[in-house]
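Remarks on the structure that follows.
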There are 2 protein chains.
Amino acid sequence: MDTKGHRQHTGRRRNEAARQAILDAALDLLADADGAPVSVETIARAAGVGKQTLYRWWPSKGAVLLEALTDRAAQEVPAPDTGTLRGDLRALAVATFEAAQYPPTAPALRTLVREAARDPHLAELMRKFTESRRAAVHEILERGRQRGELPADRDPELLVDQFYGLFWYRFLLGHAPLDADTAIRFADSLLG
Amino acid sequence: MDTKGHRQHTGRRRNEAARQAILDAALDLLADADGAPVSVETIARAAGVGKQTLYRWWPSKGAVLLEALTDRAAQEVPAPDTGTLRGDLRALAVATFEAAQYPPTAPALRTLVREAARDPHLAELMRKFTESRRAAVHEILERGRQRGELPADRDPELLVDQFYGLFWYRFLLGHAPLDADTAIRFADSLLG
DNA sequence: TGTTGCCGAGACCGATAGTCTCGTCAAGGG
DNA sequence: CCCTTGACGAGACTATCGGTCTCGGCAACA
């Protein structure tokens, strides 16, 4: 016990290899499942690790899955600045749709959202995870508004929701493509 | 055994009161849960019925839940025909958003979608369930196109997905309102 | 060398979907 | 009028899962 409120670390240290193995196994299984549930048992077994090692470092299964996605697969979304509102929105839509088309990100993200539907803890983590993406759209719209490219009566919040509403709808249902051509037509559709 | 391939019904008949009790209980619990899972045990107990009676007549829990919603709560969506594309789309958006705001439909639908995320059988039933709603939007757009109110380069499929994409996104996340004013602004936003 | 704390392994708990069995009860045929 | 059929409520049972707990072992540091 020291005066700074934390004490010296004693005993065995955290095994970094186990952490890596867990995240690797989680992402593999997540990507392979493509929507189907992934159990903790399966992750631990695939990582050659005890379940307790998992729960010692993560608060829930969802936290492990989300970290596996963010650490290994979820590339940063660019914040395009092409000089025009239409250009920015097109670029962001293309990048967003593109990232959601290929493994391991796409199937892992699909599984994660499905899990979040039943796991309030994961749902909250996902909400935070997606918040930065929403903020990126907001910034694009705000820059456009300042340039006079966005009519004052357009509600930015509604536009952001339209953007991600369509994205998630098509991503989760998978009934229609999310290719670059669609992205550009979609961005243009949003701006009218 | 008769020559027509079906045989005489013998034995005790299906208890219609039990069927009603199951659907009533399911809708009540579905609405009360508002997203939280509803177990088969709970439904059967609330209906005063054995679990086997449930599984004798429905293939899965999801099927019971969906039938409870469609039989008891899901009012038919109007197919508005106001004479203009904008009027029709506004009316449908207002009606759709309205239906998703109040119990028991709203919380029951939320629970159902969450369950569908983990139950492929239910997901397929839900897909069929929502198909007629999508068709209604398609019809509105097609009438508008024939009247020359919709530019030929607008993709109707994309517009339908934009319509339900935003709806589900806001409905499931619940972070922004789905009131009549929003519905009208949204319809106008879609048409540009 | 002893204390601390992580390790893998797996038993354990509680909840759940779905199956199976039991004794009972209703409907119709012979 | 009874006997066969099949639905009924009840609940035991299986299998799966998230999460907790305990065990013997081991690594790091004092």
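Below, chain A is the first sequence line, B the second, and so on; all start at residue 1. Model, not experiment: these values are computed from the prediction.
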* To do: Enter the inter-axis angle for the ends of the helix from C:dT1-D:dA30 to C:dG30-D:dC1 (five pairs per end, rounded to 10°).
  => 20°
* To do: Name all residues meeting the side-chain contact (heavy atoms from CB on, under 4.5 Å) criterion together with B:Ala31; count only those two or more places apart in sequence or in a different chain, and write none if there are none.
  => B:Pro104, B:Pro107
* Structure fact -> Across all chains, not counting sequence neighbours, the side-chain contact (heavy atoms from CB on, under 4.5 Å) partners of A:Ala116 are A:Leu122, A:Ala123, A:Met126
* Asked: Can you name the side-chain contact (heavy atoms from CB on, under 4.5 Å) partners of A:Ala33, sequence neighbours left out?
  -> A:Ala36, A:Val38, A:Thr111
* Structure fact -> Residue pairs passing the ring pair (Phe, Tyr, Trp, His ring centres under 6.0 Å) test with at least one member in residues 135-164 of chain A, sequence neighbours excluded, are A:Phe163-A:Phe186
* Asked: Hey, which of these two, B:Asn15 or B:Arg45, hits DNA chain D nearer its 5' end, going by closest nucleotide?
  -> B:Asn15
* Could you tell me which residues satisfy side chain to side chain donor-acceptor pair (under 3.5 Å) with A:Gln101, sequence neighbours excluded, listed by chain and number? => none
* To do: Any salt bridge (charged side-chain N to carboxylate O under 4.0 Å, His left out) involving residues 96-113 of chain B? Give me the pairs, sequence neighbours left out, ordered by first then second residue.
  => B:Asp34-B:Arg110
* Structure fact -> residues 183-192 of chain A vs salt bridge (charged side-chain N to carboxylate O under 4.0 Å, His left out), sequence neighbours excluded, gives A:Arg86-A:Asp188, A:Arg90-A:Asp188, A:Asp181-A:Arg185, A:Arg185-B:Asp155
* To do: Report which part of the nucleic acid B:Trp57 touches: base, sugar-phosphate, or nothing (heavy-atom distance under 4.0 Å, all strands).
  => sugar-phosphate
* Asked: How close or far is atom P of D:dC8 from atom CG of B:Leu54, stated in whole angstroms?
  -> 10 Å
* Could you pull out all residues at least two apart from B:Arg154 that satisfy salt bridge (charged side-chain N to carboxylate O under 4.0 Å, His left out)? => none
* Asked: For residues 21-34 of chain A, which residues have at least one heavy atom under 4.0 Å from DNA chain D?
  -> none
* Can you list the residues that meet the side-chain contact (heavy atoms from CB on, under 4.5 Å) rule with A:Ala100, with sequence neighbours excluded? -> A:Phe167, A:Phe171
* Asked: What's the CD1-P distance between B:Ile43 and C:dG18, to the nearest Å?
  -> 10 Å
* To do: Would you mind building the protein contact string for nucleotides 17-30 of chain D? One character per nucleotide, 5' to 3', B for base within reach (heavy atoms under 4.0 Å), S for sugar-phosphate only, - for untouched.
  => -SBBB---BBBBS-
* Asked: Salt bridge between A:Glu115 and A:Lys61, side-chain N to carboxylate O under 4.0 Å?
  -> yes
* Would you call B:Glu131-B:Arg127 a salt bridge at under 4.0 Å N-O? -> yes
* Structure fact -> When rounded to whole Å, the CZ to C1' distance for the pair B:Arg14 and C:dC25 reads 18 Å
* Given atom CG of B:Leu122 and atom C1' of C:dA17, what is their separation to the nearest angstrom? -> 14 Å
